[in-house]
2 protein chains.
Amino acid sequence: MLPVARPRTFDEDRALDAAMRAFWINGYEATSTQDLCEATGLGRSSIYNTFVSKRDLFRRALTRYMDAMNEAQFALLDDHDRSPLERVRAVLDRVVATEAGLGCLTVNTTVELAGRDTEIAAALERDTAQRLARMSAVLAAGQRDGEIAGGRDPDALARYLVAVISGIRVAAQGGADRAALEDIAATALDALV
Amino acid sequence: MLPVARPRTFDEDRALDAAMRAFWINGYEATSTQDLCEATGLGRSSIYNTFVSKRDLFRRALTRYMDAMNEAQFALLDDHDRSPLERVRAVLDRVVATEAGLGCLTVNTTVELAGRDTEIAAALERDTAQRLARMSAVLAAGQRDGEIAGGRDPDALARYLVAVISGIRVAAQGGADRAALEDIAATALDALV
DNA sequence: CAAGTTTTGTACAGATCGATCCAAAACAAG
DNA sequence: CTTGTTTTGGATCGATCTGTACAAAACTTG
């Protein structure tokens with residue numbers, strides 16, 4: 001009495017990853033549903049049956065991206081084998097290494113959609129708040145150790161660093177080479193010591 | 001022998017300004033030709049007759065934006081009544097004051113189009129190179145005066161500052177309030193002294 | 001194998017996209 | 001006023017957009 005019917009022939013998370021990359025490279029508006037079909041290898045029916053709409057698919061892709069990025073970044077920030085300043089440096093190094101060429105889906109979405117889609121703007125703000133809090137905690141620890149300059153509020157320092165990371169990503173998308181990005185990151189750390 | 005025919009009933013520069021604002025607020029893809037008609041108050045024929053295509057209109061609007069922004073910024077950088085560091089501070093102050101809410105068309109375009117339109121990417125790179133050169137010159141002067149730390153190449157410092165400015169603009173578009181932007185700008189200057 | 005349920009491919013709907021066409025309107029020159 | 005030229009408004013083009021409808025295919029269960 002419980003026929004389970006035809007199962008899916010694709011993996012939902014893999015499809016989500018493919019869609020995420022498509023949005024990442026071309027942005028929300030410039031990625032058509034046809035592009036999404038080709039990127040995922042799925043037919044229109046499968047996409048709409050699974051993800052409801054292009055916007056909903058984008059929101060899921062965005063949260064997947066944020067979760068993955070934050071997991072990696074928080075792992076570096078919580079690495080107890082390094083000092084706070086070294087952790088911050090590791091985060092910046094990773095940004096420089098990762099963002100070579102294409103930018104960052106979070107920054108791209110902030111620029112493209114935050115002013116127009118309040119729901120997405122709210123998700124981005126939650127994400128930013130999380131990153132700020134974790135960064136601020138590490139900076140405060142560095143200040144207690146005396147490793148990081150104590151003249152400023154750790155929240156202000158965190159806002160500064162998050163802004164610099166956005167700036168690095170914009171610079172990368174604008175064509176800056178890796179050496180230039182490394183210069184930016186290294187100079188940014190001068191403000192902490 | 002030289003009939004001059006029907007003259008235009010609109011001002012080309014005003015139309016360009018209106019189009020620029022439309023692109024600025026919503027981005028290139030999300031601004032339709034219909035939106036451009038409403039923003040400028042012109043009919044489709046007038047727009048296409050004057051600006052050839054949506055893309056050409058965008059390119060003209062973008063260069064107009066860059067010219068206006070650079071003129072204001074270079075005026076601050078060349079203000080001989082202030083010291084080099086004070087000029088840099090003035091530039092950052094202006095960015096914070098200007099970018100309250102909507103971001104910056106240059107940053108937006110870098111994120112939305114630089115990866116996809118080589119011609120626009122080239123225009124953006126020329127603009128960035130100009131800003132870097134002017135900024136670097138002022139920083140070098142500050143280093144000669146001893147007002148700015150001499151430990152780093154002025155070009156590297158300039159890249160850093162331009163990236164911070166991009167970061168401030170992204171933060172603004174992400175909803176950061178003015179106090180937060182001021183914190184970022186003030187902290188950024190710590191790296192120079 | 002048969003029944004029941006979901007997926008999948010295809011075709012298509014309705015709207016909107018950028019861009020063009022064309023005739024009427026508007027103006028300068030003679 | 002006539003002539004010549006350009007602008008202007010409106011209709012319209014073909015392409016493409018997101019999303020839906022529907023029937024055939026595929027698979028599990030009894």
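So you know, we letter chains A, B, ... as the sequences are listed, proteins then strands, and number each from 1.
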Quick one about B/S83 and B/E147 (side-chain donor to acceptor, distance below 3.5 Å, no hydrogens or angles considered), yes or no?
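Yes, because at least one side-chain N or O of B/E147 sits under 3.5 Å from a partner of the opposite role on B/S83.
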
Can you name the one residue among A/R64, A/R59, A/M66 that meets side-chain contact (heavy atoms from CB on, under 4.5 Å) with A/L62?
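With A/L62 as partner, side-chain contact (heavy atoms from CB on, under 4.5 Å) holds for just one option, A/M66.
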
Quick check on contacts: within residues 23-55 of chain A, what sits under 4.0 Å from DNA chain D by heavy-atom distance?
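Hits under 4.0 Å, by residue number: A/T31, A/S32, A/T33, A/R44, A/S45, A/Y48, A/S53, A/K54.
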
Less than 4.0 angstrom between a side-chain N/O of B/R6 and OP1 or OP2 of D/dT5, yes or no?
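No.
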
Under 4.0 Å from OP1 or OP2 of C/dT8: is there any side-chain N or O of A/T9 that close?
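Answer is yes, contact under 4.0 Å.
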
Check this for me: does any side-chain nitrogen of one of B/K54 and B/E29 sit under 4.0 Å from a carboxylate oxygen of the other?
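Answer for the salt bridge query: no.
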
State whether A/R152 and B/D190 are salt-bridged, where the test is any N-O pair (Lys NZ or Arg NE/NH1/NH2 against Asp/Glu carboxylate O) under 4.0 Å.
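Here A/R152 pairs with B/D190 in a salt bridge, since their nearest N and O are under 4.0 Å apart.
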
Got a donor-acceptor contact below 3.5 angstrom from the A/S136 side chain to the A/L132 backbone?
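The answer is no, because no donor-acceptor pair under 3.5 Å joins these two groups.
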
Polar side-chain atom of A/Y160 near backbone of A/A188 as donor-acceptor pair, under 3.5 Å
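Yes; judged by distance alone, with no hydrogens or angles, the pair exists.
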
Atom CZ of B/F58 to atom C1' of C/dG18: distance rounded to whole Å?
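For the pair B/F58 CZ and C/dG18 C1', the rounded distance is 16 Å.
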
Which of these nucleotides, D/dT6, D/dC27, C/dC27, is closest to any side-chain atom of B/P7?
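From the listed options, C/dC27 comes nearest.
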
